[in-house]
Amino acid sequence: MTDSLDIYLNTVNQGDPERIGVAMHRLMAELYPICRSITGEGVRETLRILQRLIPLEIHEVPTGTPVFDWTVPKEWNIRDAYILDGQGKRVVDFKKSNLHVISYSQPVHKKMSLDELRKHLVSLPEHPDWIPYRTSYYNENWGFCLSHRQLEAMHDDEYEVCIDSSLTDGHLTYGEYLIQGQSQDEILISCHICHPSLCNDNLSGIALATQLAAQLASQGKPRYSYRFLFIPGTIGSITWLALNEAQAGRIRHGLVVTCVGDGGQFTYKQSRRGDAEIDRAAIHVLKHSGAAWTMQEFFPYGYDERQYCSPGFDLPVGCLMRSPHGSFPEYHTSADNLDFVRPEFLEETLHRYLDVVEILEHNRTYINLNPKCEPQLGKRGLYQAIGGDSEAAKKQLAMLWVLNLSDGKHSLLDIAAKAACQFGIIRSVAEVLVQHGLLREFVEV
Ligand code: ZN
């Protein structure tokens, strides 16, 4: 076992909050060099590393499998790629960065002039030291990405280009882990696993989802079942939905995990429904976090929420992230590296996810058993029950809100929103009121 995994597992086992961010970052560092794409060995290797941390099931779906309007593509693998100048020097080398090759490039091995080669080169003049990330999944092509400085250093010469790749019938690979809860109703946590050496988009999502899974699995049987998907973007969620259409309706709440390790403020992208419980839970957490945040209404672009929220499914799946894709210059470039994501940001995001889970696990609806005028709280010992601490006034008011709105139509989360009070306080006073015979859970039949 490697050092980083040792630290990771110890951290998970000891629940040391200070080191969880470091452990997630170390997991990212271990996955960073692997060349992933939407199919291929890089995805398998990544999932095998995650299997040492959580008992992921690895699924293989054959090339050519029809999945709704799409088809599982050929499997892409790459061993090496380079551009040699006239003196035989490697001026671009895949072994130095896997971003140098456009993902899904067809194999090529030939000599050509710089003018011919230019049609196959991509650089970023506005960030001359960064290598861009490009893909060519669904049209046959080949090409190299390089820093603008590398491009400027190239001159008229005969270049030898080689991409030692293969595009063959194979499989689409994805990972799935179900934590069985008390209910068959599910919470979906989905992240994409198809990017090569890029950190915020997408290794941060992989590390956070893995940590969240490990933590939830160690805490006894939850109320909901939790389904974790580690899938290639777009084609992976389409494939999963096509193969699991019958059970997709069990998903009661869901989050797509991406861009969770940068220092930007939190962003929540609503589900297509906009007012689903997951939307209200995530907004509640951000509102009470004490930090700046923004909300985006659903739009049919972005990550796999596009597929989960397609009209034929319309699942309540939002996206809880920090800086959204495309909003930071490092996005889809070599600058989205291990320095751009920090342990403390990963850890802070993990806490937001755990706060959302806490709400979903405990959000219930109650009936006030003494609805005609307020019950006399003093007589029933309720002032003592909530204690005389600095929170006492807040808790008393919370109690009045819970009593007033517990009519079978308002959940604790609805009440917390109306009362502008933290969910945890509303939940704790509801528990006291249940113990004192003033509330009972409302169960819809
Ligand atoms: Zn991306």
Side-chain angles (χ1 to χ4, degrees), residues 24 27-28 31-40 42-43 46-47 70 73 76 78 97-105 122-124 126-127 130-139 141 143 145 172-175 189-210 229-240 255-264 267-269 296 298-309 317-341 345-346 349:
M24 285 190 276
L27 175 62
M28 290 176 56
L31 299 173
Y32 184 73
I34 301 171
C35 183
R36 280 163 293 270
S37 185
I38 52 173
T39 59
V43 171
T46 299
L47 294 175
W70 299 58
W76 185 70
I78 181 162
S97 169
N98 55 37
L99 299 178
H100 277 314
V101 173
I102 292 181
S103 192
Y104 256 68
S105 280
V122 185
S123 71
L124 289 174
E126 64 275 30
H127 295 290
W130 298 356
I131 306 164
Y133 163 60
R134 294 284 186 277
T135 65
S136 183
Y137 295 143
Y138 302 104
N139 55 332
N141 196 2
C145 300
L172 176 150
T173 312
Y174 70 90
I189 303 290
S190 177
C191 65
H192 59 293
I193 50 161
C194 50
H195 288 30
S197 296
L198 293 168
C199 285
N200 203 33
D201 171 29
N202 71 201
L203 288 174
S204 69
I206 297 174
L208 190 139
T210 304
L229 292 181
F230 296 83
I231 50 176
T234 306
I235 190 66
S237 50
I238 292 171
T239 299
W240 189 87
L255 287 173
V256 167
V257 193
T258 180
C259 298
V260 291
D262 67 286
T267 306
Y268 178 69
K269 177 180 173 182
Q296 294 179 331
F298 178 78
F299 54 93
Y301 195 66
Y303 295 95
D304 288 304
E305 68 278 8
R306 293 156 66 172
Q307 314 309 330
Y308 301 126
C309 294
V317 177
C319 185
L320 179 55
M321 57 200 146
R322 300 188 71 118
S323 299
H325 72 91
S327 71
F328 47 98
E330 296 85 354
Y331 171 74
H332 278 190
T333 76
S334 56
D336 182 3
N337 58 23
L338 289 163
D339 294 326
F340 183 62
V341 289
F345 303 139
L346 287 164
T349 315

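All ligand and atom numbering here is 1-based and tracks the order in the structure.
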Would you sort out whether Asp304 and Trp240 count as a side chain to side chain contact (heavy atoms under 4.5 Å, CB included), showing the intermediate values? CA-CA 11 Å; Asp304 288 304; Trp240 189 87; over 6 Å; no
Give a yes or no on whether the ring-centroid distance for His332 and His195 is below 6.0 angstrom. yes
Please confirm whether Tyr138 and Trp70 have ring centers closer than 6.0 angstrom.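 Yes - the distance between ring centres of Tyr138 and Trp70 falls below the 6.0 Å cut-off.
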Derivation of the side chain to side chain contact (heavy atoms under 4.5 Å, CB included) call for Thr39 and Tyr104: CA-CA 9 Å; Thr39 59; Tyr104 256 68; 2.6 Å; yes
Check all N, O or S atoms of Asp201 and name the one closest to the Zn ion (ligand 1). OD2
Closer than 2.8 Å to the Zn ion (ligand 1): does that hold for any N, O or S atom in His332?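 It does; at least one qualifying atom falls short of 2.8 Å.
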Under 2.8 Å from the Zn ion (ligand 1), can any N, O or S atom of His325 be found? no
